[in-house]
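Because the structure is a prediction, the values reported are computed rather than measured.
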Amino acid sequence: MLSVGLELERRCPCFLQSPETTSRQNLGKEKLVKMMKKKLALVAGCAVLAFVASSVASAAKVVERIIARVNNEIVTERQFAQKQQDLRAQLAHEYSGDELEAQYKEQSKNLLRDLIDQDLMVQKAKDLDIKVETDVVKRLDEIRKESHFATQEELQAEVEKQGMLWEDFEDNIRRNLLMREVIGREVGSRIMISKDERRKYYEAHKQDFTFPDGVHLGEILISTENRKPEEAEKRGNEALAEIKEGIRWADVAKKYSDHASANDGGDIGFFKQGTLAPALADAIAKVEDNDTTGLIQTKSGFMILKVDERRKQGIAKYEEVDQRISETLYNQQMEPALREYLRTLRKESYIYLASGYIDTGAERATQAALTTPQQ
């Protein structure tokens, strides 16, 4: 109470002059009463102002509601709501109406689990002293090239135009890279797929490896989106000249191509017969396997195609699909292995949830949901 009184005294000059001082100034009784009423009114006004100021200050200190604590990290209600919006928007591309609602209801059950998973893995990356800053810069540059921006500033402007903070955009990339490193080191490195397992899978799923008539292609695209047609044509001819000189196709693609496939050495995959545009089908019809077309003009720029392999309908040989089988078996084992690893991280961590929220990744989610964090 003393501190409050002193604060009011500091704010209200009326307290600096006492009634005794006023009487010594020979004021009449009536005048003194009027003076005291004014002082009391001023004191009341100061008290109201102090209360309002206090209320405003308190409001300024209100933080977002915390719905989960993961060691020294928090998950806020705003973050969770944003994830819900993102999921609904993503599902809306594939579903609508009742089906959209059913899919959203089912998939949203694990949203909080996924946010907790992310925090656990990012914290683990720090424990393992994993550094990804160089990779963040590299990935941002890849995104810039894939999006056809000349500078990083242009990319940043576009990100902010989409309503995102650039710092959040960078941090999302950083977190994804950290999680990928943790998964690779702590889980992926322990998954071993033997040749016998791969061969056994092939024999049991041969019909899954049938393919139609078609062709496997590589592509170099010189876009006219950010350059004049004559400049694009000149660049395309430079790329074609390097190919003819014997420089590796993948290296030329990475150097010249504006298509996202440049990161994969220009590989754009298998095309079923009859699915290519007539102009492209005519161009590759004159080309042998492992050879390239000349410069092809399209609406989006100039293109060079490489025929990697022509195939006739049939079942692929084991050697042709060995890598694909390895990836399939790896992914099958990765999901349960990762879930078990995350359960282990949970046991080693301090996790509390706000009432009404459930971590579906916890061993006993119903008990975890009953715990309310101290805020």
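Contact between S223 and A232 at its shortest, heavy atoms only, is O-CB, 4.0 Å. Nearest approach of R346 to A362, heavy atoms of both residues: NE-N, 3.8 Å. Nearest approach of E233 to L295, heavy atoms of both residues: O-CD2, 3.7 Å. In terms of heavy atoms, I315 sits closest to K206 at CG2-O, 3.8 Å. Closest non-hydrogen pair, V321 versus A316, comes out as CG1-CB, 3.6 Å. The two residues I304 and A239 make their nearest non-hydrogen contact at CD1-CB, 4.2 Å.
Taking the ring centre of Y104 as origin, the terminal cationic atom of R88 falls inside the region bounded by 6.0 Å and 45° from the ring axis. Under a cutoff of 6.0 Å and an axis angle of 45°, R199 and Y318 form a cation-pi pair.
Ionic pairing of D322 and R324 is not present here: no N-O contact between side-chain nitrogen and carboxylate oxygen is shorter than 4.0 angstrom. Using a cutoff of 4.0 Å between basic side-chain nitrogens and carboxylate oxygens, E142 and R139 are scored as salt-bridged. With salt bridges taken as basic N to acidic carboxylate O contacts below 4.0 Å, none links E181 and K124. The existence of a salt bridge linking R339 and D117 is confirmed by a sub-4.0 Å separation between a basic side-chain nitrogen and an acidic carboxylate oxygen.
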Take V307 and L217 through the side-chain contact (heavy atoms from CB on, under 4.5 Å) test and state the conclusion after the steps. CA-CA 5 Å; V307 177; L217 295 174; 4.1 Å; yes
Go through the steps for R174 and E133 under the test salt bridge (charged side-chain N to carboxylate O under 4.0 Å, His left out), then give the verdict. CA-CA 7 Å; R174 182 177 296 104; E133 291 311 306; 2.8 Å; yes
Check step by step if side-chain contact (heavy atoms from CB on, under 4.5 Å) holds for V137 and D141. CA-CA 6 Å; V137 173; D141 196 51; 5.7 Å; no
side-chain contact (heavy atoms from CB on, under 4.5 Å), that's the test. Do L111 and Q84 meet it? Break it down for me. CA-CA 7 Å; L111 280 181; Q84 289 176 313; 3.6 Å; yes
Apply salt bridge (charged side-chain N to carboxylate O under 4.0 Å, His left out) to the pair R343 and E340, showing each step before the final yes or no. CA-CA 5 Å; R343 276 196 289 268; E340 182 59 34; 2.8 Å; yes
Between I130 and K126, is the side-chain contact (heavy atoms from CB on, under 4.5 Å) condition met? List the steps. CA-CA 6 Å; I130 294 174; K126 293 177 182 177; over 6 Å; no
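Counting only heavy atoms from C-beta outward, the side chains of V215 and E309 never approach each other to under 4.5 Å. Within the 4.5 Å cutoff, no side-chain heavy atoms of S326 are placed close to those of Y201. Residues L120 and E73 have side chains not in contact (no heavy-atom distance under 4.5 Å, counting atoms from C-beta outward). When side chains are defined from C-beta on, I243 counts as touching I220, because their heavy atoms get closer than 4.5 Å. At a threshold of 4.5 Å between non-hydrogen side-chain atoms, the residues L91 and Q107 count as touching. Using a 4.5 Å heavy-atom cutoff, the side chains of I193 and I325 are not in contact. The shortest distance between side-chain heavy atoms of E186 and L128 falls below 4.5 Å. With contacts defined as side-chain heavy-atom distances shorter than 4.5 Å, the pair L305/T292 does not qualify.
To the nearest 0.5 angstrom, F169 atom CZ is 6.0 Å from M164 atom CE. Taking NZ from K299 and OG1 from T224, the interatomic distance works out to 12.0 Å, rounded to the nearest 0.5 Å. Separating the CD atom in Q123 from the CG atom in N71 is a distance of 4.5 Å, to the nearest 0.5 Å. The structure places CZ of R69 at 7.0 Å from CD1 of I74, a figure rounded to the nearest 0.5 Å. Going from atom CD1 of I222 over to atom CD of Q297 covers 13.0 Å, rounded to the nearest 0.5 Å. The distance from the OG atom of S349 to the CG atom of L342 is 10.0 Å, given to the nearest 0.5 Å.
Both F149 and I173 are part of a single hydrophobic cluster, where members link through side-chain heavy atoms under 4.5 Å apart. There is no path of hydrophobic side-chain contacts, each under 4.5 Å, that joins F209 to F270. Hydrophobic clustering of Ile, Leu, Val, Met, Phe, Trp and Tyr side chains at less than 4.5 Å, counting indirect connections, unites L338 with L115. At a threshold of 4.5 Å between side-chain heavy atoms, the hydrophobic network of Ile, Leu, Val, Met, Phe, Trp and Tyr places I284 and L240 in two separate groups. Hydrophobic clustering, with ILVMFWY side chains joined whenever heavy atoms are under 4.5 angstrom apart, groups L112 together with L87.
Under the 3.5 Å distance criterion, with hydrogens and angles disregarded, a donor-acceptor pair is assigned to the side chains of E197 and S194. In summary, the side chains of Q162 and E158 do present a donor paired with an acceptor at a separation below 3.5 Å, with no hydrogens or angles considered. With hydrogens and angles left out, the side-chain atoms of Q313 and D213 include no donor and acceptor closer than 3.5 Å. In the model, D86 has a side-chain atom that pairs as donor or acceptor with a side-chain atom of Q82 under 3.5 Å. Counted by atom type alone, H259 and S261 present one or more donor-acceptor pairs between their side chains at under 3.5 Å. Looking only at atom types and distance, the side chain of N263 has a donor-acceptor partner in the side chain of E146 under 3.5 Å away. Side-chain contact, Q156 with E160: a donor N or O sits under 3.5 Å from an acceptor N or O.
Sequence neighbours left out, the pairs with a member in residues 264-290 that pass salt bridge (charged side-chain N to carboxylate O under 4.0 Å, His left out) are D289-R310. Identified under the salt bridge (charged side-chain N to carboxylate O under 4.0 Å, His left out) test for residues 252-262, with sequence neighbours left out: R227-D258, E242-K255.
Q273 places no side-chain N or O within donor-acceptor distance of the main-chain N or O of R311, the cut-off being under 3.5 Å. Side-chain N or O atoms of W249 include one that pairs as donor or acceptor with a backbone N or O of G265 at under 3.5 Å. With hydrogens and angles disregarded, no donor-acceptor distance shorter than 3.5 Å links the side chain of E348 to the backbone of L345. Looking at N331, its side chain does come within 3.5 Å of a backbone N or O of E327 through a donor-acceptor pair. With T210 contributing its side chain and Q207 its backbone, the two residues share a donor-acceptor pair below 3.5 Å. With hydrogens and angles disregarded, a donor-acceptor distance shorter than 3.5 Å links the side chain of S257 to the backbone of L221.
The number of heavy-atom neighbours closer than 6.0 Å to CD of E203, taken from other residues, nucleotides and ligands shown, is above 12. Atom CZ of R180 has 12 or fewer heavy atoms from other residues, nucleotides or ligands within 6.0 Å. When the shell of 6.0 Å around CG of D127 is examined, it contains more than 12 heavy atoms from other residues, nucleotides or ligands.
Ring centers of Y350 and Y352: under 6.0 Å apart, within the cut-off. Residues Y357 and F80 place their aromatic rings such that the two centres sit under 6.0 Å apart.
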